[in-house]
S.K.: 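Have a look at the structure that comes next, please.
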Amino acid sequence: MTNTKVKVREVKLYIDGEYVESSNGSTFEVKNPATQEVIAQVHEATKEDVDRACRAARRAFEEGPWRTMSPAERSSKIRRMAEIIIERKEELARLEALDVGKPYPVALEKEIPRAAHNLKFFADFMEQQGGEVYPMGEEYLNYTRYEPVGVAALITPWNLPFMLTTWKLGPCLATGNTAVIKPAEVTPLTVSLLGEIAKEAGIPDGVVNVVQGFGPNSAGEFMTTHPEVDLISFTGETSTGKAIMKNGADSLKKVSFELGGKAANIIFEDANLDKAVPTSIQAAFMNSGQVCLAGSRILVQRSIFSEFVERFKKAASELKVGDPQDTQTNMGPVVSEEHYQKVTSYLGIAEEEDSELVYGGKRPDLPEYLNKGYYLEPTIFIQENPQARICQEEIFGPVVTLIPFDMEEEALEIANSTEYGLNGVIWTDNLQRAHRVSHDVRAGTIWVNCWFVRDLRAPFGGFKKSGIGREGGHHSLEFFSEAKNICIALK
Ligand code: NDP
């Protein structure tokens, strides 16, 4: 792959079935993180634009037909969106690679198909749902209905823009709600296309709206304080979750938060290292470590520590860091200059904390056209103190810490010592230990001898500061609907 000049796209807002410019003409630039070339001029939604989007969503909700149409008809339109995504998967994957800096094959083979699956899964799932009937003898009949809540604000981060937005949009639409979506300002490209995809699939105008902009005092805040918004599904940083909760408090909005993580990946001495090493490499460096579920703290039993370190280091050195558009690339840059500064600041912090640098820690050697990219080698530290900042804080980049431990109890104490509780990973061949440790790690998802395996029927969310609520399967039905009880006197 060579450095082909990319055209600068104009990204507009999608409001009430039309792509429109910002009402005050203001735009911002988006850059390719591999080269710093400008790839898009994005219209920034003003308060008036967000207001129009929220009102359009409200009108589409109240007036129908989306809310009142049969689940079968609604689901067939959502399934059509999924089909269009598959038909356009190469284009969407190219854009995701360009915008986020992730390797094109990962976007093409994993994330874009998963985005289509998110929509199809929830269309199928919600079509199958009914209510409950509670017989009360001859006097009364008691039953429930699950009704849509109203207008949902769907706010997503930059690491998996299209996949995470469809994860929210699928259940939101399939339960009959309408949506105002805001992607992260650094990665607006693929999500902006959801407007035309919805239109082509026959989704009525106003049901899906996409606004662009920033967080505080911009589109994000305007959405989360808007009186027409009934519920907020947000994925992003824990600190942003706190701000959104405060902003939504006055109008008592229903919230679902998927927030930060700092997963412990625990390798016991009886683990199968032929599987544990390559999977731990994936868990540490996939998407340049910019994954909320990343196994960013690797806890290794001391008896196998040296062997693990050697094998892990060798596997890291074999990762090909390079141009995201190149099909041979395993790892691209991090997403933006601001994020690069944050991630690389941890190199200095690690040094101050006397961490041992095992591998990486600098810019990789790359072809000249990538010289301005936000690249960092896969970086591995050893740190004996689990309270060190690199063991506690979410770095969200290609930086992983290896921590030795002696006993199972110690591993558990370290695993549970952060403020996060999104997920955990356990490697052992001992069945009792696998169950025991799974029960005692305080996190929403535990993977034993695997990582990143998802079934969309299962609950997804975090303990502690990693989130509020669960989504997935009937958990999404509960969040995106209001359960109503109807009691009828029969005599
Ligand atoms: P941020 O919290 O910075 O941003 C997420 C979204 O919220 C963006 O669209 C952002 O807009 C918007 N936003 C920011 N401030 C506000 C505000 N005050 N009101 C409303 N919206 C606001 O997260 P990042 O984009 O940096 O993503 C990385 C984070 O996401 C990590 O902490 C990661 O762990 C977490 N994450 C969690 C997942 C999970 O399932 N638990 C999955 C994936 C990521 P803008 O970008 O314009 O500032």
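In listed order, ligands and their atoms are each counted from 1. Scope of the values below: all heavy atoms of this structure, side chains included, with no hydrogens, waters or symmetry mates.
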S.K.: Sub-3.5 Å donor-acceptor pair from the side chain of Glu393 to the main-chain atoms of Ile395, do we have one?
M.R.: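 Not confirmed, Glu393 side chain does not pair with Ile395 backbone.
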
S.K.: Given side chain to side chain contact (heavy atoms under 4.5 Å, CB included), test Arg52 with Val211 step by step and report yes or no.
M.R.: CA-CA 10 Å; Arg52 276 207 311 122; Val211 297; over 6 Å; no

S.K.: For ligand 1, what is the set of protein residues having any non-hydrogen atom at a distance below 4.0 Å?
M.R.: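 Near ligand 1, by chain and number: Ile155, Thr156, Pro157, Trp158, Asn159, Leu164, Lys182, Pro183, Ala184, Glu185, Gly213, Phe214, Gly215, Pro216, Gly220, Glu221, Phe234, Thr235, Gly236, Glu237, Thr240, Ile244, Glu258, Leu259, Gly260, Gly261, Cys292, Glu394, Phe396, Leu422, Phe460.
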
S.K.: Can you tell me how far apart NZ (Lys254) and CD (Glu482) are? Round to the nearest 0.5 Å.
M.R.: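 Here the rounded value is 5.0 Å.
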
S.K.: Verify the neighbour count for atom CD of Glu91: are there more than 12 heavy atoms of other residues, nucleotides or ligands below 6.0 Å?
M.R.: yes

S.K.: State whether Trp447 and Arg454 meet the cation-pi test: NZ (Lys) or CZ (Arg) under 6.0 Å from the six-membered ring centroid, and within 45° of the perpendicular axis.
M.R.: no

S.K.: State the NZ-CG distance between Lys253 and Leu231, to the nearest 0.5 angstrom.
M.R.: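 That separation rounds to 9.5 Å.
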
